[in-house]
Amino acid sequence: WDAAYERELQTFQDIGDTGEIWFGEESMVRIIRWLEKHEVPLDSSVLDIGTGNGVLLVELAKSGYMNLTGIDYSPSAIQLSEKVREKEGMSNIKLKVEDFLAPSAELSGFDICIDKGTFDAVSLHPRDAVGKRRLYVGSLCRVLKPEGFFLITSCNWTKEELLNEFGEGFEILEELPTPKFCFGGRIGNSVTALVFQRK
């Protein structure tokens, strides 16, 4: 990931391109619409897990959200998101190099946690993916307040699989609509987007 974000950082410095927006802009719109529809207060503390280039946080800030934190275990990703934040003039966004599988003690008490593809990346880890997924769920339970919301977008997991992964400690509130496709007479989604609430 460091190498990928170093390339994106260089591209941003050269031509101002922020780089990849995981799952496209509609995935950000989907998240922001849900927050607005449910009148989630603008001062709610929001954690973007695996923030990458930080563009989701910028969009949340533009929508009026004020208490925003982005973490990534890649220092290059945080450097890139700092540059994006600077360019957009969003000084209220906090950014930290942080491994979500071993979060620091001060990473706690969030009202909302958002994941766009980070759980997917953790799930693909070549060593002990099952153990790493358990660590992820444990970390999520530590950083998210009881009754807090967890919004996840995944291209690797179906709704049923995510319900199984997050069944302990979380309840499903809603499945967000994502683009559908038809293949061989069956309809499916290439992306799953769910909202959980911590019990």
Side-chain angles (χ1 to χ4, degrees), residues 1 4-5 8 17-42 44 46-65 68-72 77 81 84 100 110-125 129-130 132-133 136-137 139-141 143-144 147-199:
W1 288 108
Y5 282 115
E8 289 201 353
D17 180 9
T18 56
E20 181 72 24
I21 297 174
W22 280 48
F23 306 115
E25 287 187 21
E26 71 275 3
S27 67
M28 296 191 296
V29 170
R30 193 181 305 125
I31 289 165
I32 292 166
R33 274 204 192 121
W34 188 87
L35 295 171
E36 289 172 345
K37 179 181 158 195
H38 293 273
E39 298 177 356
V40 173
L42 295 176
S44 299
V46 178
L47 177 65
D48 185 17
I49 302 164
T51 196
N53 58 15
V55 171
L56 172 60
L57 292 171
V58 168
E59 292 306 312
L60 285 164
K62 287 178 180 176
S63 297
Y65 289 89
L68 302 169
T69 302
I71 61 165
D72 206 296
S81 53
V84 171
F100 191 67
F110 286 92
D111 299 307
I112 298 148
C113 288
I114 300 173
D115 179 318
K116 284 192 324 107
T118 300
F119 186 70
D120 288 350
V122 167
S123 302
L124 295 172
H125 200 283
V130 172
K132 298 242 184 312
R133 292 199 305 268
Y136 181 104
V137 175
S139 295
L140 186 61
C141 287
V143 304
L144 185 62
E147 313 279 295
F149 300 117
F150 173 53
L151 289 82
I152 183 169
T153 304
S154 169
C155 63
N156 288 3
W157 299 90
T158 64
K159 176 185 177 181
E160 291 68 28
E161 289 168 329
L162 287 171
L163 288 174
N164 187 46
E165 291 291 322
F166 294 95
E168 221 172 283
F170 296 88
E171 65 176 310
I172 180 82
L173 287 186
E174 196 171 336
E175 180 175 12
L176 303 180
T178 58
K180 295 191 181 313
F181 68 92
C182 186
F183 182 76
R186 298 194 60 182
I187 294 174
N189 300 66
S190 55
V191 172
T192 304
L194 302 179
V195 181
F196 288 94
Q197 187 166 28
R198 196 180 149 208
K199 292 178 187 168

Looking only at non-hydrogen atoms, find the nearest pair between [X] and [Y] and report the distance.
X    : Y    : result
L144 : F110 : CD1-O, 3.3 Å
S63  : L42  : O-CD2, 3.8 Å
G52  : D72  : N-OD2, 2.9 Å
K116 : S27  : NZ-OG, 3.5 Å
L57  : T51  : CD1-OG1, 3.4 Å
F196 : L162 : CZ-O, 3.9 Å

Distance in Å, [X] [atom1] paired with [Y] [atom2], rounded so as to fall on 0.5 Å steps:
X    : Y    : atom1 : atom2 : answer
I114 : I31  : CD1   : CD1   : 5.0 Å
F119 : C155 : CZ    : SG    : 12.0 Å
R33  : L176 : CZ    : CG    : 11.0 Å
I71  : L47  : CD1   : CG    : 5.0 Å
D48  : T69  : CG    : OG1   : 9.5 Å

Exercise. Check the pair K62, E59 against salt bridge (charged side-chain N to carboxylate O under 4.0 Å, His left out), reporting the backbone distance first and the verdict last.
Key: CA-CA 5 Å; K62 287 178 180 176; E59 292 306 312; 3.7 Å; yes
Can you name the residues that form a side chain to side chain donor-acceptor pair (under 3.5 Å) with [X], not counting sequence neighbours?
X    : result
E165 : R133
Y65  : none
S44  : none

Any [X] side-chain heavy atom under 4.5 Å of [Y] side chain:
X    : Y    : value
V195 : H38  : no
M28  : V55  : yes
I152 : W157 : no
L60  : L35  : yes
C113 : L140 : yes

Quiz prompt | Contacts of type salt bridge (Lys or Arg N to Asp or Glu O under 4.0 Å), residue K37, not counting sequence neighbours | solution =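 Listed in chain order: E174.
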Quiz item: Which residues pass the salt bridge (Lys or Arg N to Asp or Glu O under 4.0 Å) test with R198, sequence neighbours left out?
Solution: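 Once residues adjacent in sequence are excluded, R198 has no partner under the salt bridge (Lys or Arg N to Asp or Glu O under 4.0 Å) criterion.
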Set of side-chain contact (heavy atoms from CB on, under 4.5 Å) partners for [X], sequence neighbours left out:
X    : result
N164 : none
Q197 : E147, F149, E171, L173
S139 : F100, P103, R142
K132 : L101, V122, H125

Quiz item: So, S154 versus D120: side-chain donor-acceptor pair below 3.5 Å or not?
Solution: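 Yes - a donor-acceptor pair under 3.5 Å links their side chains.
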Quiz item: For F150, what residues pass the ring pair (Phe, Tyr, Trp, His ring centres under 6.0 Å) criterion, not counting sequence neighbours?
Solution: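 F150 satisfies ring pair (Phe, Tyr, Trp, His ring centres under 6.0 Å) with F166 once adjacent residues are dropped.
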Practice problem: Go through the steps for V40 and W34 under the test side-chain contact (heavy atoms from CB on, under 4.5 Å), then give the verdict. | Solution: CA-CA 9 Å; V40 173; W34 188 87; 4.2 Å; yes
Exercise. Determine which pairs satisfy salt bridge (Lys or Arg N to Asp or Glu O under 4.0 Å) with at least one residue from residues 152-163, sequence neighbours left out, and list them in order.
Key: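 Counting only pairs at least two positions apart or across chains, the salt bridge (Lys or Arg N to Asp or Glu O under 4.0 Å) contacts touching residues 152-163 are K159-E175.
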Quiz item: Does E36 CD have over 12 foreign heavy atoms under 6.0 Å away?
Solution: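 Yes.
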